Amino acid sequence: MTNTGMNMRGKITFYEEKNFQGRSYECMNDCSDMTSNLSRCQSCRVESGCFMVYDRSNYMGNQCFMKKGEYSDYMSMMGMRDCIKSCRMIPMQHRGQFRMKIYEKENFGGQSHEMMEDCDNVMDRYRMNECQSCNVMDGHWLMYEQPQFRGKMMYMRPGEYRNFMDMGMSGQRFMSMRRITDSCN
């Protein structure tokens, strides 16, 4: 992923203990394995930008979207059961349109719909029971397991996603989608 078109970088600081205590690690890029920098991570501070944090290495498992702010005990605030093991910086200030094609079944099967706006309920809008694969053509998106942008989430950047299970989201289905706009500042 290049930084073309980005006016500023994100910055997040992770702490081993709650309330910003213990050793810390400052991050301004993607980090696929936090355990090489900290033995655990229980709090963090996002100074700029937006990040997705994951409870498994290599951007797998449960995910949480974090924007500018302080998370003194992110595990209880975000409902995550494990420490942060990896993080990905979300490119800021996407210019242009947002486009994603969602599919009811894995491997781009079943009915499909192209989206350019947020969708708070796939069932109501498209009469789809679930979304199990997608192709993100433009922009960056968050997908949620429940309608109204609630429940577990998954970060989607441009690319093809044939099977969400390959991303450590087994048994996951997504019922609402939201564009990540420039609200990361």
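Computed from a predicted model, the values in this text were never measured in an experiment. Counting begins at 1 with the first residue of the sequence.
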Between Arg45 and Glu70, is the closest basic N to carboxylate O distance under 4.0 Å?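 Judged by the 4.0 Å cut-off on N to carboxylate O distance, Glu70 and Arg45 do form a salt bridge.
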
Going from [atom1] on [X] to [atom2] on [Y], what distance comes out if it is rounded to the nearest 0.5 angstrom?
X: Asn135; Y: Arg162; atom1: CG; atom2: CZ; answer: 9.0 Å
X: Arg178; Y: Gln148; atom1: CZ; atom2: CD; answer: 9.5 Å
X: Ile102; Y: Gln111; atom1: CD1; atom2: CD; answer: 8.5 Å
X: Asn29; Y: Cys87; atom1: CG; atom2: SG; answer: 9.0 Å
X: Lys85; Y: Ser32; atom1: NZ; atom2: OG; answer: 13.5 Å
X: Ser86; Y: Gln63; atom1: OG; atom2: CD; answer: 8.5 Å

Indicate the atoms forming the closest heavy-atom contact of [X] with [Y], along with that distance.
X: Met153; Y: Tyr144; result: CE-CE2, 3.7 Å
X: Met175; Y: Met128; result: CE-O, 4.3 Å
X: Met143; Y: Cys131; result: CE-SG, 3.5 Å
X: Tyr126; Y: Met115; result: OH-CG, 3.4 Å
X: Asn37; Y: Cys31; result: ND2-SG, 3.8 Å
X: Asp120; Y: Ser176; result: O-CB, 3.4 Å

side-chain hydrogen bond (donor to acceptor under 3.5 Å, both in side chains) involving Ser39 - partner list, sequence neighbours excluded: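 Expected list: Glu16.
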
Listed by chain and number, what are the ring-ring contact (aromatic ring centres under 6.0 Å, His included) partners of Tyr25, not counting sequence neighbours?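 Tyr25 satisfies ring-ring contact (aromatic ring centres under 6.0 Å, His included) with no residue once adjacent residues are dropped.
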
Among residues at least two apart in sequence or on other chains, which ones pass side chain to side chain contact (heavy atoms under 4.5 Å, CB included) with [X]?
X: Met116; result: Gln97, Arg99
X: Asn163; result: Glu106, Met165, Asp166
X: Arg88; result: Asp30, Tyr54, Tyr59, Tyr155, Arg157

Test question: given the 4.5 Å side-chain rule for I, L, V, M, F, W and Y, name all other residues clustered with Met28, or answer none.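 Met28 shares its hydrophobic cluster with no other residue.
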
Considering only heavy atoms from C-beta outward, does the side chain of [X] approach that of [Y] to under 4.5 Å?
X: Glu114; Y: Met137; value: yes
X: Cys83; Y: Gln42; value: yes
X: Pro147; Y: Met123; value: no

Do Phe20 and Met66 belong together in a cluster built from hydrophobic side chains that touch within less than 4.5 Å? no

Does Tyr71 belong to the same Ile/Leu/Val/Met/Phe/Trp/Tyr cluster as Ile12, with side-chain heavy atoms less than 4.5 Å apart forming each link?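 Result: yes, single cluster for both.
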
Taking it one step at a time, do Val122 and Phe174 satisfy side chain to side chain contact (heavy atoms under 4.5 Å, CB included)? CA-CA 8 Å; Val122 169; Phe174 294 95; over 6 Å; no

Name the one of Tyr161, Phe164, Phe108 that satisfies ring-ring contact (aromatic ring centres under 6.0 Å, His included) with Tyr103? Phe108

Short side-chain to backbone donor-acceptor contact, Asp55 and Asn62, under 3.5 Å: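 The answer is yes, because a donor-acceptor pair under 3.5 Å joins these two groups.
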
Stepwise, does the side chain to side chain contact (heavy atoms under 4.5 Å, CB included) test hold for Tyr15 with Leu38? CA-CA 8 Å; Tyr15 298 86; Leu38 295 174; over 6 Å; no

For the pair Cys44 and Val53, evaluate side chain to side chain contact (heavy atoms under 4.5 Å, CB included) and give the outcome as yes or no after the intermediate values. CA-CA 10 Å; Cys44 65; Val53 296; 5.6 Å; no

Students often mix this up, so state it plainly: with edges at 30° and 60°, are the rings of Trp141 and Phe98 parallel, tilted or perpendicular?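 Perpendicular.
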
Lys67 and Val46: side chain to side chain contact (heavy atoms under 4.5 Å, CB included), yes or no, with the steps? CA-CA 6 Å; Lys67 58 184 179 180; Val46 179; 5.7 Å; no

